[in-house]
Amino acid sequence: MRMMVRSVNGKMAIGWAKESKGCLSSTMTRASNTWKDNQSSQILLSPPLVTLDLPDIWAANSTHYDPPSGQKISNVQIGTVINGKSIAEEIRSRVASEVKRMKECIGKVPGLAVILVGDRRDSQTYVRNKIKACEEAGIKSVMAELPNYCAEDDVMTAVLKFNEDPSVHGVLVQLPLPEHLDEEKILNVLSLEKDVDGFHPVNMGNLAMRGREPLFIPCTPKGCLELLIRSGVEIAGKKAVVIGRSNIVGLPISLLLQRHHATVSIVHACTKNPEQITREADIVVTAAGVPNLIRSSWLKQGSVVIDVGTCPIEDPSSEFGYRLVGDVCYEEALRVASAVTPVPGGVGPMTIAMLLCNTLDSAKRVYGFA
Ligand SMILES: Nc1nc(=O)c2c([nH]1)NC[C@@H]1CN(c3ccc(C(=O)N[C@@H](CCC(=O)O)C(=O)O)cc3)C=[N+]21
């Protein structure tokens, strides 16, 4: 198996391919559009900054199943299931009692604004679930729904309106946005103090730097950490592998694990021998979005596996015409790992619980309510 660079919809993409004959060094040079064109004027041959803006294409089944020698894979389940749904419920009920206390003491409740652009079914479901969770916790929620074809200014206007609204303590722009909209530009105008997703570059930068504290930690990574801690998993000094390097999951979870003193490796679509690297990990957090990428052969005996993959798969028999699948071959993983999160019922519900926590924290900060 080799990494290759190919064109997807006219864009260059990095991906995995079996039996690819591509040469890594020459294709990489082409993809990052570096020195050849500017050789004469540049002092350094290296590009100022290598772009990460290449879609990571993870080819499903790009590895063949090859149980490692010396590792016995049991036929029985040895791992426990980490029940994200019930942990999330407990957290949500604690948020609800804090909201109640806040209302009784100062007559205020936290408020969350959600901006949904377009008609993706999965986004609609997530947003619906978020709003329902707010209602149940006593958090006021407002929503702006914009059509697929709306102008960038319409989304900006919605963000700015919620930035100004004192009853709103958290603003969330549901991602992904339709292709014609500039996500970066939109997220940049979102008020730092209301960035309950924690995606603002200043929040992310503060998360990355020693001695600094972000106002908000992104919900999914925070939820993963909470699952590990509540399951009694020791993190300090352990080897952790994060699969995927997205801004919203891979990057912040790797930073968070580092803050908890794990030794973190990041595996992505250009990584050589990802299976071998992952097999060394005590903790695996996978957010590649590739169903069944993680087979038991990727896992060390006794490891803990957090599956962040949420890939909607067409399924006419389910209520909304699709169902969610994770990155991990779940049954297989349970025969090797000591604990695994399911999809659904693992990280997803925790993401929503953490959103409620962040919104409550934001309101507490604004009102100086401890
Ligand atoms: N600005 C922004 N913030 C996000 O936090 C964000 C986002 N955009 N875009 C999409 C991803 C995905 N995401 C999920 C949230 C809840 C579940 C969830 O509750 N899942 C349930 C099942 C839900 C169902 O039944 O479809 C579960 O795993 O058990 C899943 C995925 C948040 N995201």
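Both counts, for ligands and for their atoms, begin at 1 and track the order of listing.
If you chain together hydrophobic residues whose side chains sit under 4.5 Å apart, Leu172 and Ile248 fall into the same group.
Listed by chain and number, Thr125, Tyr126, Asn129, Lys130, Leu172, Val173, Gln174, Leu175, Asp197, Phe199, Tyr322, Leu324, Pro344, Gly345, Gly348, Pro349, Thr351, Ile352 each place a non-hydrogen atom less than 4.0 angstrom from ligand 1.
Applying the 6.0 Å contact sphere to CZ of Arg94 captures no more than 12 heavy atoms from other residues, nucleotides or ligands. By the 6.0 Å contact criterion, NZ on Lys85 is open, its count of non-hydrogen atoms from other residues, nucleotides or ligands being 12 or less.
For Thr351 and Tyr126, the side-chain atoms include no donor-acceptor pair closer than 3.5 Å.
Exactly one residue among Lys239, Lys300, Lys238 makes a side chain to side chain donor-acceptor pair (under 3.5 Å) with Asp282. That residue is Lys300. Checked options Ile82, Leu225, Leu228; the residue passing with Val233 is Leu228 (criterion: side-chain contact (heavy atoms from CB on, under 4.5 Å)).
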